[in-house]
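Step one of this worksheet: look at the structure below.
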There are 2 protein chains.
Amino acid sequence: MENFDTVSLSFCGGTHNHKNCVTTALDEAEQLCISRGVRLTDARKRVLELVWDSHNPIGAYDVLSKLSQESGKTAPPTVYRALDFLLEQGLIHRIESLNAFVGCSHPKEEHSGLFLICKDCGCAAEVHDAVIDKTILNKTDALGFKAEQRVLEVRGLCPDCVA
Amino acid sequence: MENFDTVSLSFCGGTHNHKNCVTTALDEAEQLCISRGVRLTDARKRVLELVWDSHNPIGAYDVLSKLSQESGKTAPPTVYRALDFLLEQGLIHRIESLNAFVGCSHPKEEHSGLFLICKDCGCAAEVHDAVIDKTILNKTDALGFKAEQRVLEVRGLCPDCVA
DNA sequence: TTCGTTTTGTTATGTTATAACATTTACAAC
DNA sequence: GTTGTAAATGTTATAACATAACAAAACGAA
Ligand SMILES: [Zn+2]
Ligand SMILES: [Zn+2]
Ligand SMILES: [Zn+2]
Ligand SMILES: [Zn+2]
């Protein structure tokens, strides 16, 4: 897996070209869905695009209102269905402590990320660390607990906001 | 801090005397609140007791309905205020992935636990591990992120249910 | 084209949480 | 013990998040 140390959190600053993030994410999503034989329909693609609108997690109802603005009246199930699909395909992540969703920056492999959420600017950086994964798994194994999913979210101040 | 390896998860089995858990938790809560100069009122104490009714996280509205049964009509703010107080005092924890609350088994010291949540029986074991804490903190520090709160929840099967 | 499956539309409702303001209670100062 | 003040609770309403149930449309294989 890519070393995220080198890129992580850089996006909080707003110094990057975010259009690249969106384009890359959508392209990868297209490819992945084709390779998996699942359909990235217009509705799903549009929701993915809206989630990728920024690196800040977005709530389902915020997606809904944007969708309603551009497409006329839209109902919650439309959004939740698309979000569920994107979650299943690993194209987005749910941030449990915010009831919100954020694009996954490397959806090709299954993973549980560590999310660093800035209290100030609201950005959420997805980080990966094999040592963390291993440490937690060691612990659960030692206790005889069969781990299946993991939620790891840290709230605080990102480097840009702490400065 | 106590070594939780020796006791953790034992409570999932139902083999323990849970009245001891409740009594201990309430006694400790009383003492802590006195020493901190905050008031563990009847309402707050009763909510704490209801949360401690089992080791399974309980939703605010489940607390509410139990409260309504015994005290007549009760409104959500009553419950949420008590829960907020108990959270502030570290007497309970919120399980983000369940929107539910569970008693803290060692409220004397500030801590972020690791919660092992069984998909089958619903129990949530609070575990502590200095290595995990350190590993995560190392990572956030290395990234220049100032960590303040942490959510770490693992879903899976507890030893009793995996067997 | 036809059939079965997947996706979307639509309506209604369930679940979780808070805002705003009135009332009561606790407690210390006088 | 009255009074002032702050903390806690009561009450009403509503916001925010999520799903159930069923109908209609789109898709894709036979
Ligand atoms: Zn970006
Ligand atoms: Zn990811
Ligand atoms: Zn117990
Ligand atoms: Zn605890």
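Remember, it's a predicted structure, so these values are computed and weren't measured experimentally. So you know, we letter chains A, B, ... as the sequences are listed, proteins then strands, and number each from 1.
Map B:N99 and A:F85 each onto its nearest nucleotide of DNA chain C; the residue landing nearer the 5' end is A:F85. A residue-by-residue look at B:R39 and B:A75 shows that B:R39 has its nearest nucleotide of DNA chain D further toward the 5' end.
For B:L67 and D:dT9, the CG to P distance is 11 Å, given to the nearest whole Å. With rounding to whole Å, A:R94 atom CZ is found 13 Å from D:dT19 atom C1'. At whole-Å resolution of the value, CG in A:D84 and C1' in D:dT19 are 10 Å apart. At whole-Å resolution of the value, CG in A:D42 and C1' in D:dA25 are 15 Å apart. If you take CG of B:L64 and C1' of D:dG10, they are 13 Å apart, rounded to a whole angstrom. Atom CG of A:D62 is separated from atom P of D:dA16 by 9 Å (rounded to the nearest Å).
For the residue pair B:Q31/B:K108, the side-chain donor-acceptor check at 3.5 Å is not satisfied.
Closest to the side chain of B:A43, from the set D:dT9, C:dT7, D:dT11, is D:dT9. The side chain of B:P76 has C:dT18 as its nearest neighbour among C:dT18, D:dA20, C:dT8. Nearest to the side chain of A:R44, among D:dT9, C:dT7, D:dA20, sits C:dT7.
The number of heavy-atom neighbours closer than 6.0 Å to CG of B:D42, taken from other residues, nucleotides and ligands shown, is 12 or below.
Under the 4.0 Å criterion applied to side-chain N and carboxylate O atoms, B:R155 and B:E153 are not assigned as salt-bridge partners.
Distances shown here put every side-chain N or O of B:T74 at or beyond 4.0 Å from the OP1 or OP2 atom of D:dG10. In this model, the phosphate group of C:dA17 is approached by a side-chain N or O of B:Y80 to a distance below 4.0 Å at OP1 or OP2. Taking 4.0 angstrom as the limit, B:K73 places a side-chain polar atom (N or O) nearer than this to OP1 or OP2 of D:dT12. Applying the 4.0 Å criterion to OP1 and OP2 of C:dT8, one finds that A:T78 has every side-chain N and O outside that range.
Looking at A:R81, its side chain comes within 3.5 Å of the base of C:dG9 through a donor and an acceptor atom.
Not one N or O on the side chain of B:S65 forms a donor-acceptor pair closer than 3.5 Å with the backbone of B:V63.
The aromatic ring of A:Y61 sits over the base of D:dC17, with ring centres less than 5.5 Å apart and planes inclined by under 30°.
Taking the six-membered ring for Trp and thresholds of 30 and 60 degrees, A:H93 and A:H106 have ring planes inclined between 30 and 60 degrees apart.
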